[in-house]
Amino acid sequence: MVWALLGAWAVIDVITYSRIDPGDLYHVSNSGLAGGLSRALVFLNFPAALAAIAIVTLVADRTGWRWPHALAIGLCAVIVVPGVVDQAHLDARWINAAPGLGVVLAFVLTLRAGRGGWGDPRGDPIRIAVAVLLGILALPWMFALVGFYFPGSHVIYQGHPRVHLGEHHGLEGYLLVLTALLLSRELARMRRPTPLALYLSLMIAYGAGNMANDDWYEQIVKRGWTGWRIPDVLEPRLTWMWGLLIVVGAAIFFTALRPRSDRTGTHRPSSAL
């Protein structure tokens with residue numbers, strides 16, 4: 001399911017960025033098919049590489065850790081190096097090939113691991129409620145991703161539409177939340193779920209933080225209701241907002257995703273969500 005979401009998004013990126021003038025998009029300069037492929041590669045860096053790290057962790061728990069798993073995570077982790085993805089310049093560069101290869105390797109490892117079922121359905125009402133509520137907030141970005149303006153989003157702000165066409169980091173945050181919610185169903189079946197549970201907890205907090213930052217700026221600040229902005233959380237920094245994300249991530253872990261124990265024997269339910 002997660003790979004289907006990532007694959008569909010990459011295809012949409014190719015189509016949207018191929019057909020729309022770069023001036024109507026965000027910080028890209030390439031046009032045509034080259035522009036579409038370029039933006040899709042950057043998407044495979046962020047946020048897809050972050051999702052792929054979680055997937056590889058899950059796959060390795062099922063099949064046993066081997067060097068390809070470590071290589072995939074290492075390649076994907078290049079995304080944390082400052083400047084690999086620059087929000088001010090979103091055209092693909094050679095360095096973006098490394099996380100892209102990590103995502104491809106993660107996909108191959110997933111296929112080789114085979115199907116493992118749909119996980120533990122307990123907690124699905126909570127997962128669905130969170131996904132739907134956040135999905136409503138993400139509707140303008142969903143329209144923008146496929147190249148159309150959500151009603152009211154084309155209102156001009158400082159010479160540009162209030163919600164630009166193409167990808168938004170708020171929608172990328174929503175994708176990370178969906179990824180974490182889906183993969184959390186597998187925690188109950190893992191032998192050592194704690195590392196992934198911690199990672200998914202922080203992923204939910206991080207994704208929600210990016211949604212809050214993007215939505216507040218476009219829907220509140222750009223309407224002129226206030227000049228105060230929620231601080232940017234795309235990159236880790238020593239800020240109060242990042243401190244809040246860590247606190248929220250810890251709260252999610254201890255209240256919803258914390259495993260009862262790591263184990264090497266028979267699987268049994270391990271998380272509250």
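FYI, side chains are in, hydrogens and waters are out, and symmetry mates aren't considered; it's all heavy atoms of this structure.
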Problem set entry | Those residues that, when tested against E172, pass salt bridge (charged side-chain N to carboxylate O under 4.0 Å, His left out) (two or more places apart) | R39

Exercise. Quick one: CG on L175 to CG on L145, what's the gap to the nearest 0.5 Å?
Worked result: 10.0 Å

Exercise. Mind checking whether H69 and W65 have parallel, tilted or perpendicular rings, split at 30° and 60°?
Worked result: perpendicular

Seminar exercise, completed: Note: Y17 and L25 closest approach over all heavy atoms is CD2-CD1, 3.3 Å

List the atom pairs, donor and acceptor, that lie under 3.5 Å between side-chain atoms in residues 92-114 and the rest of the protein, sequence neighbours left out.
{"residue": "R93", "atom": "NH2", "partner": "G83", "partner atom": "O", "Å": "2.3"}
{"residue": "R93", "atom": "NH2", "partner": "V84", "partner atom": "O", "Å": "2.8"}
{"residue": "N96", "atom": "OD1", "partner": "R93", "partner atom": "N", "Å": "2.7"}
{"residue": "N96", "atom": "ND2", "partner": "N45", "partner atom": "OD1", "Å": "3.0"}
{"residue": "N96", "atom": "ND2", "partner": "V84", "partner atom": "O", "Å": "2.8"}
{"residue": "T110", "atom": "OG1", "partner": "W3", "partner atom": "NE1", "Å": "3.1"}
{"residue": "T110", "atom": "OG1", "partner": "A106", "partner atom": "O", "Å": "2.8"}

Problem set entry | Polar contact flag, side-chain donor to acceptor under 3.5 angstrom, E167-W141 | no

Seminar exercise, completed: For P140 and F150, the nearest pair of non-hydrogen atoms, with its separation, is CA-CB, 3.6 Å

Exercise. Minimum heavy-atom separation for V56 to I73, with atom names?
Worked result: CG1-CG1, 3.7 Å

Exercise. Hey, does L5 have a side-chain heavy atom less than 4.5 Å from the side chain of T179?
Worked result: no

Exercise. Should we say atom CH2 of W240 is surrounded by more than 12 heavy atoms from elsewhere, each under 6.0 Å from it?
Worked result: yes

Problem set entry | Gap between atom OG of S29 and atom CG of D91 - 0.5 Å precision | 3.5 Å

Exercise. With side chains defined as the heavy atoms from C-beta onward, is the minimum distance between R162 and R223 less than 4.5 Å?
Worked result: yes

Problem set entry | Minimum heavy-atom distance between N30 and S38, given as atom pair plus value | ND2-OG, 3.7 Å

Problem set entry | Cluster check I20, F148: I/L/V/M/F/W/Y, side chain < 4.5 angstrom | yes

For this session: Using atom types as modelled and distance alone, determine if a side-chain donor or acceptor of D214 lies under 3.5 Å from a backbone N or O of G170.
Result: yes

For this session: Please answer whether the main-chain N or O of H164 pairs with a side-chain N or O of H168 as donor and acceptor at a distance below 3.5 Å.
Result: yes

Exercise. Taking atom CZ of F253 and atom CD1 of I204, what is their separation to the nearest 0.5 Å?
Worked result: 12.0 Å

Exercise. Does the side chain of R127 come within less than 4.5 Å of S184's, by heavy atoms?
Worked result: yes

Problem set entry | Close side-chain approach of V177 to M203, heavy-atom, < 4.5 Å | no

Exercise. How far does CG of L37 sit from CG of D13, to the nearest 0.5 angstrom?
Worked result: 10.5 Å

Exercise. Under a single-linkage definition using a 4.5 Å side-chain heavy-atom cutoff for Ile, Leu, Val, Met, Phe, Trp and Tyr, are V11 and L171 assigned to the same hydrophobic cluster?
Worked result: no

Problem set entry | Y174 (side chain) donor-acceptor with A131 (main chain) under 3.5 angstrom | yes

For this session: Kindly state each residue pair satisfying side chain to side chain donor-acceptor pair (under 3.5 Å) with at least one member in residues 195-208, sequence neighbours excluded.
Result: none

Problem set entry | Distance-minimising heavy-atom pair for L134 and M211 | O-CE, 3.5 Å

Exercise. What about V132 and L137, same hydrophobic cluster or not, with Ile/Leu/Val/Met/Phe/Trp/Tyr joined at side-chain heavy-atom distances under 4.5 Å?
Worked result: no

Exercise. For G249 and A205, which heavy atoms make the closest approach, and how far apart are they?
Worked result: N-CB, 3.7 Å

Problem set entry | Student check: side-chain heavy atoms of W9 and F43 closer than 4.5 Å | yes

Problem set entry | Side-chain donor or acceptor of H27 paired with backbone N/O of L90 under 3.5 Å | no

Exercise. Mind checking whether D215 and Q219 have side chains closer than 4.5 Å, heavy atoms only?
Worked result: yes

Exercise. How many angstroms lie between CD1 in I246 and CE in M241, if you round to the nearest 0.5 Å?
Worked result: 12.0 Å

Problem set entry | Test item: E186 and R62 side chains (from C-beta on) under 4.5 Å apart, heavy atoms | yes

Problem set entry | F143-V14 co-clustered via ILVMFWY side chain contacts under 4.5 Å | no

For this session: Show the numbers, then the answer: is there a side-chain contact (heavy atoms from CB on, under 4.5 Å) between T16 and L165?
Result: CA-CA 9 Å; T16 298; L165 298 179; 5.8 Å; no

Exercise. Are any side-chain N or O atoms of D61 and backbone N or O atoms of R191, one a donor and one an acceptor, separated by less than 3.5 Å?
Worked result: yes

Problem set entry | Common cluster, L182/L6, ILVMFWY with side-chain heavy-atom separation under 4.5 Å | yes

Exercise. If you round to the nearest 0.5 Å, how far is CD1 of I230 from CG of N213?
Worked result: 6.5 Å

